[in-house]
Amino acid sequence: MTAFNVVRFKVKPGMAEVFLGAHRDIAQSWSGLRHANIIEAGEGRYCIIAEWESMEALAASRPQMVATLDSFRETLEDLGGGLGVTDPIAGLVVLSVK
């Protein structure tokens, strides 16, 4: 069953290209990834939305996702509220609308 994960980030000023560059080749290292988009929400705020073959595929790729995060972690600001530098959520698709 298709799964998605969404992660919110706040990128330090002047670091957007490093942040985006770290994601350019994720399709090769994140096994089970179907598609990913990064949206820019203004003021250094970004969100990645990734579609996966299954929750199992997503879970199996967590080490690669963490390795990607570690490659650009220094570009991120703390989100506050005890979140740290990421605000992730994941789950199965329960409704799909065109």
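- Residues L58 and A90 approach most closely at CD1-CB, 4.0 Å, considering heavy atoms.
- Y46 places none of its side-chain heavy atoms less than 4.5 Å from the side chain of I48.
- Hydrophobic clustering (ILVMFWY, side-chain heavy atoms < 4.5 Å, transitive): V7 and F4 are in distinct clusters.
- We find the OG1-CE distance between T75 and M15 to be 5.5 Å, quoted to the nearest 0.5 Å.
- Nearest approach of A3 to M55, heavy atoms of both residues: CB-SD, 3.5 Å.
- Using a 4.0 Å cut-off between charged nitrogen and carboxylate oxygen, E77 and R45 do not count as a salt-bridge pair.
- Summarising the geometry, atom CE belonging to M1 is positioned 11.0 Å from atom CD belonging to E56; distances are rounded to the nearest 0.5 Å.
- Clustering ILVMFWY residues whenever any of their side-chain heavy atoms sit less than 4.5 angstrom apart, transitively, puts I49 in a cluster other than the one holding L20.
- At least one side-chain heavy atom of W52 sits less than 4.5 Å from a side-chain heavy atom of L33.
- Few gaps surround CD on E74; more than 12 heavy atoms of other groups in view lie less than 6.0 Å from it.
- Interatomic distance, S71 OG to H23 NE2, rounded to the nearest 0.5 Å: 7.5 Å.
- Placement of V18 and I26 within a single hydrophobic cluster is found when ILVMFWY residues are connected by side-chain heavy-atom separations under 4.5 Å, directly or transitively.
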* Asked: Can you list the steps and then say if N5 with M65 is a side chain to side chain contact (heavy atoms under 4.5 Å, CB included)?
  -> CA-CA 11 Å; N5 77 312; M65 288 187 277; 3.9 Å; yes
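- Aromatic rings of F72 and F19 (six-membered ring for Trp) have centroids within the 6.0 Å cut-off, being under it.
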* Determine, stepwise, if the pair F9 / V85 fulfils side chain to side chain contact (heavy atoms under 4.5 Å, CB included). => CA-CA 6 Å; F9 308 92; V85 295; over 6 Å; no
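- Interatomic distance, R24 CZ to E17 CD, rounded to the nearest 0.5 Å: 5.5 Å.
- Under the 4.5 Å side-chain heavy-atom criterion for Ile, Leu, Val, Met, Phe, Trp and Tyr, L76 and L79 are members of distinct hydrophobic clusters.
- A pairwise comparison of heavy atoms in S31 and S61 identifies O-OG, 2.7 Å as the closest pair.
- Taking NZ of K10 as the reference point, atom CG of D78 lies at 11.5 Å (rounded to 0.5 Å).
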